[in-house]
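My questions will all concern the structure given below.
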Protein chains: 2
Amino acid sequence: MTTANQREELTIPDLEPPRLDNGSSISQQIYDYLSSNVIEGKLLPRTALSENKLCEFFSVSRQPVREALLRLSAAGLVAVYSQRGSFVRPISLSGLKRAQLIRESVEIELLRLAITHRTPEFVAKLRAELSLQKTYQEHLQIEQFYHSDENFHRIISDQSGVSGVFDALKDIKLNLDRVRHLELVTHESIGILIEQHESIFKAIRDGDRRRAERAMRNHLRRVLSELDSIVAAAPEFFEKEP
Amino acid sequence: MTTANQREELTIPDLEPPRLDNGSSISQQIYDYLSSNVIEGKLLPRTALSENKLCEFFSVSRQPVREALLRLSAAGLVAVYSQRGSFVRPISLSGLKRAQLIRESVEIELLRLAITHRTPEFVAKLRAELSLQKTYQEHLQIEQFYHSDENFHRIISDQSGVSGVFDALKDIKLNLDRVRHLELVTHESIGILIEQHESIFKAIRDGDRRRAERAMRNHLRRVLSELDSIVAAAPEFFEKEP
DNA sequence: CTTGACATACTTGTATGGTAGAGGCCATCA
DNA sequence: TGATGGCCTCTACCATACAAGTATGTCAAG
């Protein structure tokens, strides 16, 4: 059969997650597990996520599994087709453009506000996060660097005076995050990202809004400018669209 | 008992929605019904939405009701407390500031793009929508005006060249939409809104980006500038926070 | 009158059973 | 050989039942 099999086999990476009863519900834990695996690229697009198979895998009933899948569907990470199956969604290129526009617009605005509200403590926090990133770079700790990168942007957002904006964009950023993971894994771009962070940092420290804005925009757009090469390196992660 | 009863009675406004089997699933229909009723202010904040009561009301089982409630919870319209109950969430003032910042940042950027990509058809569409709004004003058709208002902004967004951005912000705008409904119901502000739309329209037509941007920002910020009087007129819709 | 314990009637969370529809497989037939 | 129709499996979806935690009403003791 030359017809491309739409549904790949279900192969969940590792063993089951620790069944910690720490307050959060089972469906929440399943959601966290699946979403982080999709974002980190461990669950490949077009992988079938059958409710029954997932029940066995997690040793729970279908109910919490189903709820987790529905949430993943709402977040755009999973496509649920009635009476056919649920599958990990490939990354949509048009969706990336959407997310990029939103993130860029908002983060630039947050940056402007953060600079007008900037304090010595704020600058110190950024400096500390930057030095952390350099440590992670030396030890090639990719996942840690990724989270520190997140933190860097979150610190700026929190300084804007409007709380929670960064978290409010979490769902929208999901597909961008998937690409950023691909970039970190397949390319050796940590050095460049740190340089860009430093440019942003210096501009903030100097209170130079225009320079900071330019540096941030340049930094955020890197994902899209590198997109072609990322798609070429890992085409199985992306939608096939004209 | 002088202690304020946290949970109000469940009083769902009208009769049940038509059980149309038109493709969409039951849980989807329940979600649509509840969300629109919350947004339009027909379901008051702090109303208890018991799964069992909703089952009776819709004559379905708990499963689809529960899924709808979970989606509403993710959207921020409903709070689900384990083993305690589910309640319509009051509008959070800090959440409004968040949503406003995001909406403003993105829509201003979309407006810039729309102006650079503007075409005669685009201008014509805006003009047509404006004339529709004046008709609705004359006949005091509030709900229709609300949707035409939505449309006006959607037309601008679609002209940006990046598709689907407006819809991507739907969840974030939800609480803003609730306030806009309150404003339309309790105030006589349609005339002012139309004037603002006209200012935006003229600036777009003339290709004057700075003027359009100013007009749009002024228009979008109206919600916040009127917020105090809206809260005073309908305090039961808002969170009590310092 | 206040206060504490206990029974009860709620709530959401989880588990399991049943149903209709979509797609693959294979035998049957032109 | 190629096409077609029926069967069969798998899916998500809905209904029902059970479990566990919370608020409340009652009642007795201080």
Side-chain angles (χ1 to χ4, degrees), chain A residues 1-10 16-17 19-34 46-74 77-89, chain B residues 1-10 16-17 19-34 46-74 77-89:
Chain A
M1 194 71 117
T2 59
T3 315
N5 211 347
Q6 283 294 349
R7 65 174 69 178
E8 303 285 334
E9 199 52 34
L10 168 71
E16 62 195 284
R19 191 111 56 85
L20 27 102
D21 337 43
N22 58 344
S24 65
S25 68
I26 293 183
S27 76
Q28 176 66 37
Q29 296 179 47
I30 295 179
Y31 175 84
D32 291 339
Y33 181 85
L34 291 178
R46 300 178 185 80
T47 302
L49 296 178
S50 160
E51 292 183 359
N52 286 319
K53 302 276 179 61
L54 289 173
C55 296
E56 287 185 37
F57 180 74
F58 291 107
S59 305
V60 296
S61 81
R62 296 205 314 272
Q63 177 79 9
V65 169
R66 178 171 170 73
E67 288 176 4
L69 284 180
L70 291 177
R71 285 186 55 192
L72 289 166
S73 167
L77 294 180
V78 165
V80 177
Y81 300 106
S82 186
Q83 277 84 20
R84 284 184 42 194
S86 306
F87 307 90
V88 177
R89 284 187 75 150
Chain B
M1 190 74 114
T2 60
T3 315
N5 211 346
Q6 282 295 348
R7 66 174 70 180
E8 301 287 334
E9 199 53 37
L10 167 72
E16 60 197 284
R19 192 108 56 83
L20 29 102
D21 339 42
N22 59 346
S24 65
S25 68
I26 292 182
S27 76
Q28 175 66 35
Q29 296 179 45
I30 295 179
Y31 175 84
D32 291 339
Y33 181 83
L34 291 179
R46 300 176 186 82
T47 303
L49 296 178
S50 161
E51 295 183 358
N52 286 320
K53 301 274 182 60
L54 290 172
C55 293
E56 287 184 37
F57 180 74
F58 291 108
S59 306
V60 295
S61 83
R62 264 187 61 204
Q63 177 79 10
V65 168
R66 178 171 170 74
E67 290 175 3
L69 283 180
L70 290 176
R71 284 185 56 192
L72 289 167
S73 166
L77 294 181
V78 164
V80 177
Y81 302 107
S82 186
Q83 276 85 17
R84 285 186 42 195
S86 306
F87 308 89
V88 177
R89 287 188 72 153

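Residue numbers start from 1 in every chain, and the chains themselves are labelled A, B, ... in the order their sequence lines are given, proteins ahead of strands. This is a predicted model, so every value here is computed, not measured.
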- request: Could you tell me the separation between the CG atom of A/Leu54 and the P atom of C/dA15, rounded to a whole number of Å?
  value: 14 Å
- prompt: A/Ser50 side chain N/O closer than 4.0 Å to the phosphate oxygens (OP1, OP2) of D/dC10?
  reply: no
task: For residues A/Arg46 and A/Phe87, report the shortest heavy-atom separation together with the two atoms involved.
output: O-CD2, 3.9 Å
task: Given side-chain contact (heavy atoms from CB on, under 4.5 Å), test B/Leu34 with B/Val78 step by step and report yes or no.
output: CA-CA 10 Å; B/Leu34 291 179; B/Val78 164; over 6 Å; no
query: Is any side-chain nitrogen or oxygen of A/Ser61 closer than 4.0 Å to OP1 or OP2 of C/dA15?
result: yes
task: Take atom CZ of A/Phe87 and atom P of C/dA22, then tell me their distance rounded to the nearest Å.
output: 15 Å
- prompt: Should the pair A/Phe58 and A/Tyr33 be assigned to parallel (<30°), tilted (30 to 60°) or perpendicular (>60°) ring geometry?
  reply: perpendicular
message: From CZ of A/Arg66 over to P of C/dT12, roughly how many Å is that when rounded to an integer?
response: 18 Å
- request: May I ask you to verify if any side-chain N or O of B/Asn52 is less than 4.0 angstrom from the OP1 or OP2 atom of C/dC10?
  value: no
query: Looking at A/Ser86, does any N or O in its side chain come under 4.0 Å of the phosphate oxygens OP1/OP2 on D/dA12?
result: yes
query: Expressed in angstrom and rounded to an integer, what is the separation of A/Glu51 atom CD from C/dT14 atom C1'?
result: 14 Å
- prompt: CD of B/Gln63 versus P of D/dA17: gap in Å, rounded?
  reply: 15 Å
query: Nearest-Å distance, CD (B/Glu56) to C1' (D/dA15)?
result: 15 Å
task: State whether a side-chain donor-acceptor pair under 3.5 Å links B/Glu56 with B/Asn52.
output: no
- line: For A/Ala68 and A/Ser27, the nearest pair of non-hydrogen atoms, with its separation, is CB-O, 3.7 Å
- request: Figure out the CD/P separation between B/Gln83 and C/dT8, and round it to whole Å.
  value: 21 Å
query: Closer to the 5' end of DNA chain D via nearest nucleotide, is it B/Ser82 or A/Ser82?
result: A/Ser82
- request: May I ask you to verify whether the side chain of A/Arg62 and the base of C/dG18 hold a donor-acceptor pair under 3.5 Å?
  value: yes
Value in whole Å for how far the P atom of D/dA23 lies from OH of B/Tyr81: 12 Å
